[in-house]
Each structure stands twice: as C-alpha cells, then as structure tokens.
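Letters A, B, ... are given to chains in the order of the sequence lines, protein chains preceding strands, and every chain is numbered from 1.
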There are 2 protein chains.
Amino acid sequence: MAASYETASDEPSTATVDGVVTAVRDGIMAGRYAPGQRLPEADLVSLYQASRGAVRTALAQLESEGIVLRERNRGARVRPISLDEAVEITEARAVVEGLCAAKAAQRITTDERTRLRALGDELRTAVDGSDVMAYTRVNQEVHRAVRDISRHETAGIMLDRLRTQSVRYHYTVALLPGRPAVGMREHIEVIESVCSGDADRAEQTMRAHLMSVVDALQQLDANLHQW
Amino acid sequence: MAASYETASDEPSTATVDGVVTAVRDGIMAGRYAPGQRLPEADLVSLYQASRGAVRTALAQLESEGIVLRERNRGARVRPISLDEAVEITEARAVVEGLCAAKAAQRITTDERTRLRALGDELRTAVDGSDVMAYTRVNQEVHRAVRDISRHETAGIMLDRLRTQSVRYHYTVALLPGRPAVGMREHIEVIESVCSGDADRAEQTMRAHLMSVVDALQQLDANLHQW
DNA sequence: GGCAACTAGATTGTTAACAATCTTGGTTAC
DNA sequence: GTAACCAAGATTGTTAACAATCTAGTTGCC
C-alpha cells in the first residue's frame, strides 16, 4: 500500500489494460503527469509495453473516471481541476462520507473500535512530531477505515471516484500553517463519535471536518491570488 | 425525453459507440433487457449495425457505469440489482440530492421558483387524477429540476450514475397503495423549502423524502416474500 | 512583410483477420 | 447409469494494417 515512492522508470514490462490504467492513474495522482499534459497513445504503448488497443481501452476508462480528457482526433490530456471543482468534490465527499460515518457508528465491532482508536494515537504522534508525510498518510487511513467499517459498497465506489480526482489538492492543504493540528482535532472527534455509536453525531463531525477542508481550500486559493 | 415507448426493432441503422451505449442503457432501464440476460457482442453488432470495436467499447463503458457485468472470455450480462443494493443506492441518493436541495435553496432565481411551483401543481393534478404514469414522470422532473437549480456539476454526474442503476425499481415503488399521495406531500414540502431559500430545511425534506422511499422499498420486498 | 493555401508528418479512429478461451453435446469406459 | 473425457462450435481477446483527421511548417502570391 505504501509503496511506489520510486520514479516511474522501473516497471515498464508488458502491461495489460488494467496495468496501464493503474500506472497512468497513479502517475496523475502522484503528480508525475501534470494537468493539461498530453498523453499520446504511442508514448504509452512504448512506455508500458502494451498493445495500442489496451492503451486505447485504458484511456477510455480513465476518461469515464474523470481524470483524463479526450477530444476526437486530438488525443487525450490530463484533465485540469479548477478550484471550484475541487470545492464541489469536497462538498460531495462531505455528504457521502457523512453517510459512511453514520453507518459505521451503527455497525462498528469491538475489534474495529480498537483499530480506529489506534489510528487516532498515530495521528497524535505524527502531529506532535510535525511529520507531515505521516500525518497525510494516517489521515487517509482514517477515512479509509471509516469507509470500510460502514460496509456501504455504493458509497465506497463513489468515494473511490471522488478521491482519485481530488488527491492532487490534498497534500497541499496539509501544508497550510496550523492545518495539521486542526485536522487532527477534527479527526479525533470523528473517531470518538463513530466509536460511541451515535450515528447522527458521527455524520455531523465527519461533515464538519470536510467542510473545514473546503474552507482551507478557499483560503489556499486566496493566498495564491495574493501573490 | 418522453419518447422511445416503441419496440426496439425500429432504429437499428448504423450506430456509433455512443449510440450503442445509449440504446443498451435505455433498453436496460426500460426493462427490455432483463437482469442477468446475456449480451453477446455479435447480437449487438447485427442489431445496431455497429462495428465490433464500437460494441466492445460500449460494453466497457456500460460496465464502468455499473449496469453491465463482464467476465473474461464469458461475455457481458445485464447486472442484476439486489434489494440491499437498491437500498444503498437510494441512501446515497438521499445525501447527494440533499446537498443539491441545499445548494438549490441558496441559488434559486425567480424564474426557477415559478417553474418549480408549476411542477408542484402538475404533481397534484396527477395524483388527483390517479394518473400513475404522469405522477412518475413529474416526480422525476422535480428531482431533475432541483438538481439543475443547484448548479452542482459533481453531484449531478454522481446522480446520473445512481439514477441509471436504480430506475428499474422506481416505477415499482409508485405502485404501492397510497404511495403517490405520500410522495406528493413530500415533494411539495421539498419544493416549498427550496423556494423559501432555507438550505438546511431543503436538505432535511429532500433526505426525508428519499429515506421514505427506502422504507417503501423494504416494504415492497416484505410483500414479495410474503407470497 | 504578411496572409493564404498546400503538403508532409504525426496522431487518432476503424476494420478485419487471427488466436485463445469457454460451452455444449456426445461418446466411451467403468 | 454415471462420470470423465474429448471435439466441434460459439464467443471473446488481441493484434496489425488501413483510413481519416489534425498540426505545423513551407511556399507562393499580393
């Protein structure tokens, strides 16, 4: 799970269509492919040693995932995401993850309670040590855990889609001064309310947390425009 | 919008990939293709006069939409939807359409207010006349209108996906005794709260409405198992 | 010098043939 | 009679060649 920190140049060997999809998606999410960058079929063919048909199918799938843009006879590009869209995506995540939190509160088991609280401790450690990388990672693990505990497949699939699109903004938000501390407090509240079994409160805290991410996004944008 | 009541046998002429997607999707939503039914590529080729490549791309897209199931070397089938899944889909719709209702309340214009209230009147007329077909149609138009007024693209795309999957259950719910009357009352409340500009109440009423659909679904299932 | 038309190269879209896999029906051995 | 096996047909997966479209650079004309 925590692999693929290496450069892109080491796993080109014969890929199938799923392989190409994964590779390009990861490349986009990791920032190796920049927004707007062209993705010529021929390049992907030689890069991943896949047939052109496979590359073509992969691009179609990435388009339907919303992270690649295709124009007839003009090829595929990495789809740029505007701030407005990032806000929309986060708003959508807020309500869907709110649903997950509510369901998780109703369905959580004893083992899952233990694991979730352990993640809370990890979060505290990361923030105390000012370890932004660890914070970002555990952050995602908390959201993932709540989603898994909720056992809501439909919501899970929707979140997969939304997360893929918004990841490029995530690590940026974590760099705002004071943001990790605020995010940690909110996550602890989410964890506690889910563990307590109070569905309404779990939904509220999760939504509040993500709406505060929306605020952070807009603040980030204001800062950018200031310069 | 309200077309395609005819049989499937009249528009086969040379279709592109989007044409095949639309045709098969409509066919599934209209019930012409039954859940679990096989969709051999050769059949679709001759039916819609499309190339096999186009059919193949179309099937891939339909799979990513979640309404078609494909197994390697075993072809495509119409994906069956269980009651549990229909409940999940409706729960997801509840929170996402709740978001739309809240945004719509904030962004609605005078013209849109007029149009939305007109839909409410149509709904009353349909229920008074016990016109189930009209009720179902206007019902969908109300949801569509709220979605459009919200101007929330991300939520709109998500709802497109969810609606495609759940439509097969919809008209069934409308047939429950007393259901149209209950649904109408709820819709009127949604319309009024959106028009009033109260975002919180708009979200509440929309969610309440769809949660009552969840109840209706489960009641429907109980009735089926009783026989 | 600037603009329009044209040509060559690059890139994507489409089709058809071939290869691999699965299903089905029958046959045979026990 | 049953179960394992085999072969033919049907169905899907893959590849390669061909066609259509776009882009950029060049040439010629005004």
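Protein atom CG of A:Asn73 is 14 Å distant from nucleotide atom P of C:dT11, rounded to whole Å. Between the C1' atom of D:dT11 and the CG atom of B:Leu39 lies a distance of 13 Å, rounded to the nearest Å. One interatomic measurement links the two molecules: CG of B:Asp43 to C1' of D:dA10, which rounds to 11 Å at whole-angstrom precision. Here C:dT15 presents its C1' atom at 15 Å from CD of B:Gln49, a figure rounded to the nearest Å. One can place CD of B:Glu63 at 13 Å from C1' of D:dT12, the figure rounded to the nearest angstrom. Computed from coordinates, the B:Leu44 CG to D:dT12 P distance equals 9 Å when rounded to whole Å. Taking atom CD of residue A:Glu41 and atom C1' of nucleotide D:dA20, one finds them 14 Å apart after rounding to whole Å.
A close approach under 4.0 Å does not occur between any side-chain nitrogen or oxygen of B:Ser51 and OP1 or OP2 of C:dT14. The side chain of A:Arg74 contributes an N or O atom lying less than 4.0 Å from OP1 or OP2 of D:dT23.
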Is there a side-chain hydrogen bond (donor to acceptor under 3.5 Å, both in side chains) between A:Glu65 and A:Thr164 once you walk through the steps?
-> CA-CA 8 Å; A:Glu65 286 183 21; A:Thr164 318; 4.9 Å; no
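Each of A:Arg72 and A:Arg52 was assigned the nucleotide of DNA chain D with the nearest heavy atom; the assignment lying further toward the 5' end belongs to A:Arg52.
For A:His152, there are no ring pair (Phe, Tyr, Trp, His ring centres under 6.0 Å) partners at least two apart in sequence or on another chain.
Between A:Glu203 and B:Arg207 there is a salt bridge, since at least one side-chain N of the basic residue sits less than 4.0 Å from a carboxylate O of the acidic one. The residues A:Arg115 and A:Asp111 are annotated as not salt-bridged, no charged nitrogen and carboxylate oxygen being separated by less than 4.0 angstrom.
In this structure, of D:dT11, D:dG13, C:dG13, it is D:dG13 that holds the atom nearest to the side chain of B:Arg56.
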